[in-house]
S.K.: 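Okay, here's the structure, questions in a sec.
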Amino acid sequence: MSFAHLGLLEPLLRTLERLDYQTPTPIQEQAIPAILKGRDMLAAAQTGTGKTAGFALPVLNTLLQEGPRVSSNSARALVLVPTRELAEQVLQSFLTYGDGLPLRSYAVYGGVSINPQMMALRKGADVLVATPGRLLDLYRQNAVTFGQLQMLVLDEADRMLDLGFADELDQVFSALPRKRQTLLFSATFSEPIRSLASNLLRDPLTIDISPRNTAAETVTQYLVGVDKKRKTALFAHLLATRGWGQVLVFAKTRNAVDGLVADLQAAGISADAIHGERPQPARLRALARFKAREVRVLVATDVAARGLDINDLPHVVNLDLPVVAEDYIHRIGRTGRAGSSGEAVSLVSADEVEQLAAIETLLGQTLVRQEEPGFEPTHRVPVTTPGGHITKKPKKPKKPKTGTTGRSKKIHLGNWFEES
Ligand code: AMP
């Protein structure tokens, strides 16, 4: 993939060539064509991913192609940032990428005299980079108006909220025309960011480039040994006794998925299914109901769940271990994201020892084992060691230990999440 394929205009391509930017970064590859098409965007991306060029290039491109010349005391694109340092840095990017273009970029921020900024704004700015407080001051003094505003970018929106800019942001938003394109960049998709996004964005494209291993470190993993035929009963028992809210459950086959859903429904627990045999609209409906919290338990196979946007769940349960060890990583990556903590619980029977050993080899650690009183297996899962070795003849079953979550431990997953 080259920049030329992303739909940028010739002068921008020449600048990129001069800067020796040979290939777009992943966020640029996804964001640039969508922004050029006029879409709103919610992107999770940190510094170092190339996110600044990811919005600066298409913003410049759009300003070149659409809209009138900028009037005095006007801005056509507004980029809100949390700090003065970031304002200068983002301005530098616009100046670099916009070199030679008939567009003016300028930055305003607090902590310095307002007068030179008021003078400079008389000429108008095609791109105005601003911290919220100083922007409001300028707006109140009529140094800037937003009648010409076409595009709004929020950069490091999570930091703006952390720094207490929520009220200022609201005041800025209420001064902007409703018809505009809005792009929201944040290091994480926290609840306040999602709520900000739902108020500001229209049908946004969501992009998530954040490194996932940071979140994965907050996932607590353990397994509960159980006889195969008692897995469903154990799951219902854990659901009832461990204070779990919504749970995403993975099962190996379509039959196992449908079986668990039917059993849960029979027990009065709302549940829905996602597997490859269900038509896409039914799968999407199940997902929507789960996200809307109309359904407590969503049961899925690996194939059907891959690529679905299900994040930030407190609990993921493996009714069966996956056949492919890497799928374990994908499954448990559905929880503990964006800094929240999560639990991944696997219900494991003796016949799954090979899969367990493969997963533990991949993780480089053995999973903590628990047993649940009343569900102790008659066939214990053979002992495994991190190298994948299985002791074929398990020792005589010891007196069952009682399981408590206190026995579980956090496992660091390193970079496994990076590739998903
Ligand atoms: P950012 O994540 O926006 O802070 O950008 C990080 C750094 O990567 C900046 O120094 C950019 O100049 C540089 N950069 C951005 N995109 C590319 C690219 N496609 N190729 C090479 N360098 C890039």
S.K.: Keeping T62 on the side-chain end and P58 on the backbone end, is there a donor-acceptor pair under 3.5 Å?
M.R.: yes

S.K.: Find out whether T182 and L154 are in side-chain contact, i.e. whether some heavy atom of one side chain is under 4.5 Å from a heavy atom of the other.
M.R.: yes

S.K.: Before you tell me yes or no, could you show the steps for L103 and L60 under side chain to side chain contact (heavy atoms under 4.5 Å, CB included), namely the whole-Å CA-CA distance, both residues' side-chain angles and the distance that decides it to 0.1 Å?
M.R.: CA-CA 8 Å; L103 298 172; L60 290 166; 3.9 Å; yes

S.K.: Please walk me through it: do W244 and V317 pass side chain to side chain contact (heavy atoms under 4.5 Å, CB included)?
M.R.: CA-CA 11 Å; W244 292 347; V317 171; 3.6 Å; yes

S.K.: For D126, is there an ion pair with R69 - N to carboxylate O distance below 4.0 angstrom?
M.R.: no

S.K.: Answer with yes or no whether the side chains of D263 and Q265 bring together a donor and an acceptor at under 3.5 Å.
M.R.: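 Per modelled atom types, Q265 and D263 side chains form no pair under 3.5 Å.
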
S.K.: Is there a salt bridge (Lys or Arg N to Asp or Glu O under 4.0 Å) between E168 and R134? Walk through the geometry before answering.
M.R.: CA-CA 10 Å; E168 275 106 336; R134 176 54 60 94; over 6 Å; no

S.K.: Taking it one step at a time, do S346 and R369 satisfy side chain to side chain donor-acceptor pair (under 3.5 Å)?
M.R.: CA-CA 9 Å; S346 301; R369 295 184 179 206; over 6 Å; no

S.K.: Test salt bridge (Lys or Arg N to Asp or Glu O under 4.0 Å) on D302 and K252 and set out the steps.
M.R.: CA-CA 7 Å; D302 290 292; K252 204 162 53 185; over 6 Å; no

S.K.: Kindly say whether L201 contributes a backbone atom to a donor-acceptor pair with the side chain of D40 at under 3.5 angstrom?
M.R.: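 Flag not set: sc D40 to bb L201 has no pair under 3.5 Å.
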
S.K.: Does a side chain donor of either N255 or T253 reach within less than 3.5 Å of an acceptor in the other side chain?
M.R.: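 No.
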
S.K.: Distance check, rounded to the nearest 0.5 Å: L238 atom CG versus F375 atom CZ?
M.R.: 7.5 Å

S.K.: For the atom pair OG1 (T206) and CZ (R194), what is the distance rounded to the nearest 0.5 Å?
M.R.: 8.0 Å

S.K.: Taking K231 for its side chain and L319 for its backbone only, find out whether a donor-acceptor pair lies under 3.5 Å.
M.R.: yes

S.K.: For the residue pair R254 and T301, what are the closest heavy atoms and their distance?
M.R.: N-CG2, 4.0 Å

S.K.: To the closest 0.5 Å, what do you measure between CG (D208) and CD (Q30)?
M.R.: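 Result: 9.5 Å between the selected atoms.
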
S.K.: What are the two closest heavy atoms between Q28 and T23, and how far apart are they?
M.R.: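 Closest approach of Q28 to T23, heavy atoms only: OE1-O, 4.5 Å.
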
S.K.: Stepwise, does the side chain to side chain contact (heavy atoms under 4.5 Å, CB included) test hold for F250 with V257?
M.R.: CA-CA 8 Å; F250 285 97; V257 169; over 6 Å; no

S.K.: Per the side-chain hydrogen bond (donor to acceptor under 3.5 Å, both in side chains) rule, which among K123, Q148, R76 passes with S71?
M.R.: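 One option only clears the test, and that one is Q148.
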
S.K.: Examine the side chains of N73 and R122 and answer whether a donor and an acceptor come within less than 3.5 Å of each other.
M.R.: no

S.K.: For E352 and L321, indicate whether the former's side chain and the latter's backbone hold a donor-acceptor pair under 3.5 Å.
M.R.: yes

S.K.: Assess, by modelled atom type and distance only, whether the side chains of Y328 and Q221 contain a donor and an acceptor separated by less than 3.5 Å.
M.R.: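 Yes, because at least one side-chain N or O of Y328 sits under 3.5 Å from a partner of the opposite role on Q221.
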
S.K.: Which atom pair, heavy atoms only, marks the closest approach of A31 to G54?
M.R.: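 Scanning both residues, the minimum pair turns out to be CB-O, 4.1 Å.
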
S.K.: With a 4.5 Å heavy-atom cut-off, do M151 and L78 have their side chains touching?
M.R.: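 Sidechains of L78 and M151: no contact.
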
S.K.: Would you check if L42 and F189 make a side-chain contact, meaning some heavy-atom pair closer than 4.5 Å?
M.R.: yes

S.K.: Just by modelled atom types, is the E191 backbone N or O under 3.5 Å from a matching donor or acceptor in the S195 side chain?
M.R.: no

S.K.: Under a 4.5 Å cut-off applied to non-hydrogen side-chain atoms, are F94 and T96 in contact?
M.R.: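 Not touching, per the 4.5 Å side-chain cut-off.
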
S.K.: Does a side-chain heavy-atom distance below 4.5 Å link R39 with D203?
M.R.: yes

S.K.: Minimum heavy-atom separation for D99 and T15, please, with both atom names.
M.R.: O-OG1, 4.2 Å

S.K.: Stepwise, does the side chain to side chain contact (heavy atoms under 4.5 Å, CB included) test hold for F290 with Q246?
M.R.: CA-CA 8 Å; F290 186 65; Q246 281 197 298; 3.5 Å; yes

S.K.: Answer with yes or no whether the side chains of Q150 and R180 bring together a donor and an acceptor at under 3.5 Å.
M.R.: no

S.K.: Looking at R296, R278, R285, which hits salt bridge (charged side-chain N to carboxylate O under 4.0 Å, His left out) with D272?
M.R.: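 Of the listed residues R296, R278, R285, the salt bridge (charged side-chain N to carboxylate O under 4.0 Å, His left out) partner of D272 is R278.
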
S.K.: Could you give the side-chain donor-acceptor pairs of residues 106-113 under 3.5 Å, partners two or more places apart or in another chain?
M.R.:
residue	atom	partner	partner atom	Å
Y109	OH	E88	OE2	2.5
S113	OG	N115	N	3.4

S.K.: Any donor-acceptor pair under 3.5 Å linking the side-chain atoms of Q65 with those of N61?
M.R.: yes

S.K.: Does some side-chain heavy atom of Q365 sit less than 4.5 Å from a side-chain heavy atom of E360?
M.R.: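 Result no, sub-4.5 Å side-chain heavy-atom pair not found.
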
S.K.: Below 4.5 Å, heavy atoms only, C-beta onward: do V144 and L128 meet side chain to side chain?
M.R.: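 SC-SC contact between V144 and L128 confirmed.
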
S.K.: Tell me, please, which residues at least two apart from F146 pass ring-ring contact (aromatic ring centres under 6.0 Å, His included).
M.R.: Y139

S.K.: Keeping the roles fixed (side chain from D158, backbone from S186), state whether a donor-acceptor pair exists under 3.5 Å.
M.R.: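 Absent.
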
S.K.: Looking at R242 and E372, does any basic side-chain N land under 4.0 Å from a carboxylate oxygen?
M.R.: yes

S.K.: I need the minimum non-hydrogen distance between I35 and M41, along with the two atoms involved.
M.R.: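 In terms of heavy atoms, the two residues are closest at CG1-CE, 3.7 Å.
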
S.K.: Taking atom CZ of R178 and atom CG of L149, what is their separation to the nearest 0.5 Å?
M.R.: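 Going from CZ on R178 over to CG on L149, the span is 14.0 Å.
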
S.K.: I want to check something: taking the side chain as every heavy atom from C-beta on, are T361 and T384 in contact at a cut-off of under 4.5 Å?
M.R.: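 Result no, sub-4.5 Å side-chain heavy-atom pair not found.
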
S.K.: Dump the intermediate steps for side chain to side chain donor-acceptor pair (under 3.5 Å) on Q171 and R140, then the final yes or no.
M.R.: CA-CA 11 Å; Q171 291 174 53; R140 290 191 189 115; 2.6 Å; yes

S.K.: Compare every heavy atom of I359 with every heavy atom of P322, then report the nearest pair and how far apart it is.
M.R.: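 For P322 and I359, the tightest heavy-atom pair comes out as CD-CD1, 4.0 Å.
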
